[in-house]
Amino acid sequence: MSANDLSRKGSLTLIDVPKILRWGSIYIAQARIRSMLKWKWSIIGESFATPMFYLLSIGIGIGKFVNSHQAAGVDGVKYLTFLAPALLAAACIQGAVGDATFPVLEGFKWQKGFFAMNATPISGKQIANGVLLAAMSRAAFGCVIYYAALYTFGALHGLHTLWLIPVTLFAATSFAVLMMGVCAAIKNDDLFLNMVQRFLIVPLFLFSGTFYSLASMPKFLQIIGWASPLWHATEVGRWISYGHHVSATALVIHFSYMTIMAIIGFTFAHHHFTKRLAK
Amino acid sequence: MSAADSQATPEALILAKGLRKEYGDFTAVDGIDFRVNRSESFGFLGPNGAGKSTTMRIIAATLTRTSGEITILGKDPEISGPEIRAHLGVVPQQDNLDNALTVEDNLYVYGRYFGLSKKFIRNKIEELLAFAQLEEKRSVKVEALSGGMKRRLTIARALVSEPEILMLDEPTTGLDPQARHILWDRLFRLKEQGVTLLITTHYMDEAEQLCDRLMVMDKGKIMAEDSPAGLIKKYSTKEVLEVRFGADRNAQYADQLRGMCERIEVLPDRVLMYSHDCEALLHEVVSKGMHPTTSLVRRSSLEDVFLRLTGRSLVE
Ligand SMILES: Nc1ncnc2c1ncn2[C@@H]1O[C@H](COP(=O)(O)OP(=O)(O)O)[C@@H](O)[C@H]1O
Ligand SMILES: [Mg+2]
């Protein structure tokens, strides 16, 4: 073999297609995480700073104010306890949506990396799953840190509150995958994402019973809350954390809502990833 | 198939019949037939918009055809997309490397998409970096590479899986002459090693240098198909005489010139005269009292073939 010649066993002997059909999503997730790890220190820093920022400003500042005006706190507990499941869900959902949507714009439009991935045996469906898996891995990391911070600050009590983590991640997955599908479906995505952030995400967060109970708001604003995965996650979270009253029927509705959103989200994302790659 | 048979008919890696692609009511590929054999270097030559990239993407099993038949390695891309893509190396018209990763990591990550083992990829990277002459750039981020280096990296990336067919969509468009020559040299090596190459280009010199067999494409149709030399022989004369009389007089002399040779083409800035002995032809032109401001005798090229077939120039 001369200096610049390439060895050749050939792809026919080298490549195991069924293996790729099985593991392709994982390959994509690994590659995404590999890219993320280039920023590991800022990811770690952010994961710690975000809960600290909220806890110090809201928990201690506003909490003191609220507690001093309402002797019984809110919903029968201290304001910080009331707030904790909502803060956790809000941070986790927002982070997951960001991590699941930004790479979609990059992959389809800016760098067109999804087209490079799709030139291998990897399918559009696997790319969608892989990107989501990477986004949710980072979200899980952030969620655990946030949980630990809440626990340390006394906003959560007892190990049963660990259930908040899977519930929160489930809500975040269902919303993130739906938004990911929407991003793949929309052509003028830069503008679109901006609009989503302003007119969808922010209102959802303001009107999801995060800072005060949804029931204390006018009916037409409550409707926004019902549509928001954050409200469903928060209700379940408060029930887990301090026994906030949620009827059995309501629990079923909350979980069904998140599940249906996830199913629609996956179907929508898979469809539009496949379609856009074949354009 | 016995050994004797396979010598007589080379193995077809790609077979297309009546292949057609419509975007809405626009037909980009208009019912084309072609065949690519193992170890040959096959080219699509045509101007922008001819339908080359569309055809390449259908072959690469990433774009669905509207109608017609196509098999790649005996499989239908509609049914066996991943199985086909497993054996192709694709160099798209636009580089789609990961700019945030290093040269080395781009190769590594791509190898993983083919399910190749870490160890295999690590060894392969050394070979590919040497092949692409990017050893010194291994730890550099892609965004810092020149256009030619990016192109070589994209080719190296396409080779990580040791594909049966290497597909290159306009491999040197936008590169400076030196970068083009380096790239041609690399592709030539692959060709010598028996790698099946499928190339699109609108550069006739590239087509002549790299392709054993060419399909001339225009407006989604095949205009002709042969070896570069065969095409020139079939559609042009051995030599061409280019004469310029100045913009207004080119057309004025055209009728007189037409009678003197096999064929002429009147371009805005010059007249091309096709003949097998152009020195003699030039003497004749001058002896008839026509004095071109400049004249040039050259060998016929694929550009002349294209002009003959379509009445237009390849590069507009
Ligand atoms: N996704 C698309 N939608 C609509 N028209 C397209 C699309 N892609 C290519 N075309 C059109 O099809 C024709 C052939 O394009 P292409 O295959 O890219 O040609 P080439 O690669 O030979 O320049 C062009 O006129 C182009 O504008
Ligand atoms: Mg093209």
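Using a 4.5 Å heavy-atom cut-off against chain A, the contacting residues of residues 161-169 of chain B are B:Ser161, B:Glu162, B:Pro163, B:Glu164. Residues of residues 148-160 of chain B lying under 4.5 angstrom from chain A, judged on non-hydrogen atoms, are B:Arg157, B:Leu159 in numerical order. Taking non-hydrogen atoms and a 4.5 Å limit, the residue list of residues 73-87 of chain B in contact with chain A, ordered by number, reads B:Pro82, B:Glu83, B:Arg85, B:Ala86, B:His87.
With respect to chain B, the highest number of heavy-atom pairs below 4.5 Å among A:Ala278, A:Gly124, A:Gly113, A:Pro121 belongs to A:Pro121. Comparing B:Val90, B:Asp105, B:Leu128, B:Leu116 by how many heavy-atom pairs each has under 4.5 Å with chain A, the most go to B:Asp105.
For chain B, the nearby part of A:Leu21 is the side chain; its heavy atoms alone come within less than 4.5 Å. Using a 4.5 Å cut-off between heavy atoms, A:Gln30 touches chain B through its side chain atoms alone. For a residue to count as touching a neighbouring chain, one of its non-hydrogen atoms must lie under 4.5 Å from one of that chain's; by this rule A:Leu12 touches chain B with backbone and side chain alike. In this structure, the portions of B:Leu63 lying under 4.5 Å from any heavy atom of chain A include both its backbone and its side chain. Looking at B:Phe120, only its side chain comes within 4.5 Å of chain A, counting heavy atoms on both sides.
Two residues are said to be in side-chain contact when any heavy atoms from C-beta on lie closer than 4.5 Å; B:Val195 and A:Arg8 meet this criterion. The side-chain heavy atoms of A:Leu14 and B:Lys124, taken from C-beta on, include no pair separated by under 4.5 Å. Side-chain contact check for A:Arg34 versus B:Tyr108: some heavy-atom pair is nearer than 4.5 Å.
Between A:Glu106 atom CD and B:Asp98 atom CG the span is 7.0 Å, to the nearest 0.5 Å. Within the model, atoms CD1 of A:Ile20 and OH of B:Tyr113 stand 12.5 Å from one another, a figure rounded to the nearest 0.5 Å. The OG1 atom of B:Thr64 sits 10.5 Å away from the NZ atom of A:Lys279 when rounded to the nearest 0.5 Å. The distance from atom NZ of A:Lys112 to atom CG of B:Asp95, rounded to the nearest 0.5 Å, is 13.0 Å.
Within a 6.0 Å radius of CD in B:Glu136, no more than 12 heavy atoms belonging to other residues, nucleotides or ligands are found. In the displayed structure, A:Trp23 atom CH2 is contacted under 6.0 Å by at most 12 heavy atoms of other residues, nucleotides or ligands. Other residues, nucleotides and ligands contribute more than 12 heavy atoms inside 6.0 Å of the NZ atom of A:Lys38. Sparse packing is recorded around CD of B:Gln94, with 12 or fewer heavy atoms of other residues, nucleotides or ligands lying under 6.0 Å away. No more than 12 heavy atoms of other residues, nucleotides or ligands shown are found within 6.0 angstrom of CZ on A:Phe48.
Here the closest heavy-atom approach between residue B:Arg112 and residue A:Tyr27 is recorded as O-CD1, 3.2 Å. Among all heavy-atom pairs drawn from A:Ala31 and B:Val109, the shortest one is CB-CG1, 3.6 Å.
Of the possible polar contacts, one joining the B:Tyr110 side chain to the A:Ala116 backbone as a donor-acceptor pair under 3.5 Å is found.
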Side-chain polar contacts of residues 165-181 of chain A - donor-acceptor pairs under 3.5 angstrom, sequence neighbours left out - could you list them?
unit_1: A:Thr168; atom_1: OG1; unit_2: A:Leu164; atom_2: O; d: 2.6
unit_1: A:Thr173; atom_1: OG1; unit_2: A:Leu169; atom_2: O; d: 2.7
unit_1: A:Ser174; atom_1: OG; unit_2: A:Ala171; atom_2: O; d: 2.9

